[in-house]
Asks: 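Got a structure for you, written out below as structure tokens; questions coming shortly.
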Amino acid sequence: MSRQDGSHRRVSDPAHDDGTATILHIDMDAFFASVELLARPELVGRPVIVAHDGPRSIVTTATYEARRHGVHSAMPLAQARRLCPRAVVIEPHHERYGHASRTVMAILGRFTPLIEQVSVDEAFLDVSGATRLFGAAGAIGARIRAEVRVETGLVCSVGAATTKFVAKLASGMAKPDGLLVVNRDETRALLDPLPIGALPGVGARTQERLRGLGLVTVADVRTTAPQTITRVVGDAAGRRLIDLAHGRDRRAVTPRREEKSIGHERTFPADLDPVADADQLRAALLDLAERTCARARRHGVLGRTVAIKVRDAAFHTVTRSQTLVAPTQTGRTVFTTAWRLYEQSGMADRPVRLIGVRLEQLTGDVAGALWSDDVEWQATDRAVDAVAERFGAGAVRPARLLRGGDAAAGAR
DNA sequence: TCTGGGGTCCTAGGACCC
DNA sequence: TCTGGGGTCCTAGGACCC
């Protein structure tokens, strides 16, 4: 293994890279926070937290200065503030992240078309066909890091290995601002001592269950009888875990994956009373349905199943879904279905903390929509989309949302 | 400490069909 | 009259990831 670490200006040893690593994982460091610092350079070196500032917010990203105080992603903002009172909290700007992300992905595209973007700040590259032009994976990783830094002012870490899983592991170990190449014959030695939580798919629950079997490290998983493991974590998960523990991971880098569902959800700043705040609740659900469908239309997909999610004051969460006779991308239809599901959910008499809508079973078959009974709304939706395109989303909104006014808008 | 919002995948039971 | 097994679809919930 060879590590290039920005802070020490150590250059990775090209002789170490034996060419067996052909998959790269690129992961931006503290992405949202770093993008914000580009616009606020005076904050560089200070603890910075990116979070929407609400009573129930969580930390989206924190700079390493803030992380040193124990702040991390998904932590309640209130707690983060206690841990690091001096931290500057910045409101997220998703358009900026999207823009930076596209710039980074374009840089990656110079090396291979085989790019699988996992999220705004993360991607896998299969460079097996690019080494003749650009050298081994380690060399490509180093170039990517340099070009990203020069052209965006942002820092990323890169892992290279023979499989996706190990490449991702390597980028994580290289952080911050590093590069790590793991050759094939180094894989087992790297994996064996790691805690089982390092395996993708092993979260808190699974870790607990495996610990109940006395399994602590990846080596433990590798050397345990498969049935023992599948018995506690299920068939599919168990088999995958064992494979990963052996360093086996046949998942290919797949450039475009089709989306399976689209949805929106909202947590209210304070719980809504099902009776007194019924209008607000309806307005919120309609807004979520409209936004979900606007996105579906933009993506050219329809959903056959409408699903809702309701979370009560006690954080108890329930989902309900209904499959329609014909797929839809019409806000009105999704809203009516969703509202009915809510009323029948058994949650309709309790204070609501969160409500959400999701379109599932997506199909690109627009012809299917001709059979649906919401034809008359389709023209309206198209008109709304056209105005939104010219004047920005929110220029046209259903009357119900205006009436309830800024209660609904303010909940965002 | 008090828990966001966007998703994916898996499991399990029941309905229904052959 | 009671009882198969397999396959597919639908629904609910849970775990997990970024």
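Lettering of chains follows the sequences in order, A, B, ..., and the numbering in each one begins at 1.
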Asks: Any side-chain N or O of S73(A) less than 4.0 Å from the OP1 or OP2 oxygen of dC18(C)?
Replies: no
Asks: Taking any heavy-atom pair under 4.0 Å as a contact, classify V118(A): base, sugar-phosphate, or nothing.
Replies: nothing
Asks: Give a yes/no on whether any side-chain N or O of R358(A) is located under 4.0 angstrom from OP1 or OP2 of dG7(B).
Replies: yes
Asks: With a non-hydrogen cut-off below 4.0 angstrom, is S57(A) in contact with a base, only sugar-phosphate, or nothing?
Replies: nothing
Asks: So that I can tick it off, tell me whether D243(A) and R251(A) are bridged by a salt bridge, with the cut-off set at under 4.0 angstrom between side-chain N and carboxylate O.
Replies: no
Asks: In this structure, how many angstroms lie between the C1' atom of dC10(B) and the CD atom of E360(A), rounded?
Replies: 14 Å
Asks: Rounded to the Å, how far apart are H94(A) NE2 and dG6(B) C1'?
Replies: 10 Å
Asks: Using a 4.0 Å heavy-atom cut-off across all strands, classify G356(A) as base, sugar-phosphate, or nothing.
Replies: nothing
Asks: Under a 4.0 Å threshold between the charged nitrogen and the carboxylate oxygen, would E36(A) count as salt-bridged to R40(A)?
Replies: no
Asks: Give a yes/no answer on whether the side chain of T323(A) brings an N or O atom under 4.0 Å of OP1 or OP2 in dC9(C).
Replies: no
Asks: From dT11(C), dA15(C), dC9(B), pick the nucleotide closest to the side chain of K260(A)?
Replies: dC9(B)
Asks: Is the closest basic N to carboxylate O distance between R311(A) and E265(A) below 4.0 Å?
Replies: no
Asks: Using a heavy-atom cut-off of 4.0 Å across all strands, would you classify A74(A) as base, sugar-phosphate, or nothing?
Replies: base
Asks: Judged by each residue's nearest nucleotide on DNA chain B, which is more toward the 5′ side, I58(A) or K309(A)?
Replies: I58(A)
Asks: What integer distance in Å separates L241(A):CG from dC17(C):C1'?
Replies: 15 Å
Asks: Of the listed nucleotides (dA15(C), dT1(B), dG13(C)), which one gets closest to any side-chain atom of R209(A)?
Replies: dA15(C)
Asks: Where the side chain of A236(A) is defined as all heavy atoms beyond and including C-beta, which of dG5(B), dC10(B), dA12(C) is the nearest nucleotide?
Replies: dC10(B)
Asks: Should the pair F124(A) and H25(A) be assigned to parallel (<30°), tilted (30 to 60°) or perpendicular (>60°) ring geometry?
Replies: tilted
Asks: Any idea which of dC18(C), dT8(B), dG6(B) is nearest the S261(A) side chain?
Replies: dT8(B)
Asks: Rounding to a whole Å, what distance do you find between R251(A):CZ and dT8(B):P?
Replies: 16 Å
Asks: Remember a base hit wins even if backbone is also touched, and classify R311(A) as base, sugar-phosphate or nothing at under 4.0 Å, heavy atoms.
Replies: sugar-phosphate
Asks: Let me spell it out: for each of I262(A) and R353(A), pick the nucleotide of DNA chain B with the closest heavy atom. Which residue's pick is nearer the 5' end?
Replies: R353(A)
Asks: In terms of side-chain heavy atoms of T319(A), which of dT1(B), dT11(C), dG13(C) is nearest?
Replies: dG13(C)
Asks: Pick base, sugar-phosphate or nothing for T206(A), based on heavy-atom distances below 4.0 Å to the nucleic acid.
Replies: sugar-phosphate
Asks: Is it the case that atom NE2 in H99(A) sees more than 12 heavy atoms from other parts of the structure closer than 6.0 Å?
Replies: no
Asks: Checking all strands, does Q361(A) fall into the base, sugar-phosphate, or nothing category for heavy-atom contacts under 4.0 angstrom?
Replies: sugar-phosphate
Asks: Need one value for K168(A): base, sugar-phosphate or nothing, where a base atom within 4.0 Å counts as base even if backbone is also close, heavy atoms only.
Replies: sugar-phosphate
Asks: Closer than 3.5 angstrom, by distance alone: can the side chain of T112(A) be matched with the main-chain N or O of G129(A) as a donor-acceptor pair?
Replies: no
Asks: Around E258(A), counting heavy atoms of other residues, nucleotides and ligands shown, do more than 12 lie under 6.0 Å from its CD?
Replies: no
Asks: Rounded to whole angstrom units, what separation is found between the NE2 atom of H72(A) and the P atom of dG4(B)?
Replies: 14 Å
Asks: Measure from CZ on F268(A) to P on dC2(B) and round the result to the nearest Å.
Replies: 21 Å
Asks: In Watson-Crick or G-U wobble terms, both distances under 3.5 Å, what is the partner of dC18(C)?
Replies: dG5(B)
Asks: Need one value for R304(A): base, sugar-phosphate or nothing, where a base atom within 4.0 Å counts as base even if backbone is also close, heavy atoms only.
Replies: sugar-phosphate
Asks: By a 5.5 angstrom centroid cut-off and a 30 degree plane limit, is there stacking between F315(A) and dC2(B)?
Replies: no
Asks: Taking CD from E258(A) and P from dG7(B), how many angstroms apart are they, rounded to a whole number?
Replies: 15 Å
Asks: Just N and O in the side chain of H264(A): are any of them under 4.0 Å from OP1 or OP2 of dG5(B)?
Replies: no
Asks: Donor-acceptor pair, S101(A) side chain versus V120(A) backbone, under 3.5 Å?
Replies: yes
Asks: Classify R295(A) by what it touches in the nucleic acid, base, sugar-phosphate, or nothing, heavy-atom distance under 4.0 Å.
Replies: sugar-phosphate
Asks: Between dC2(B) and R82(A), is there an OP1 or OP2 to side-chain N/O distance shorter than 4.0 Å?
Replies: yes
Asks: Would you measure the distance from the P atom in dC18(C) across to the matching atom in dT3(B) and give it in whole Å?
Replies: 23 Å
Asks: With a 4.0 Å limit, can you tell me whether R320(A) has a side-chain N or O closer than that to the phosphate oxygens OP1/OP2 of dG13(C)?
Replies: yes
Asks: Tell me whether the OP1 or OP2 atom of dT3(B) has a side-chain N or O from T267(A) closer than 4.0 Å.
Replies: no
Asks: Given atom CG of L77(A) and atom C1' of dG5(B), what is their separation to the nearest angstrom?
Replies: 15 Å
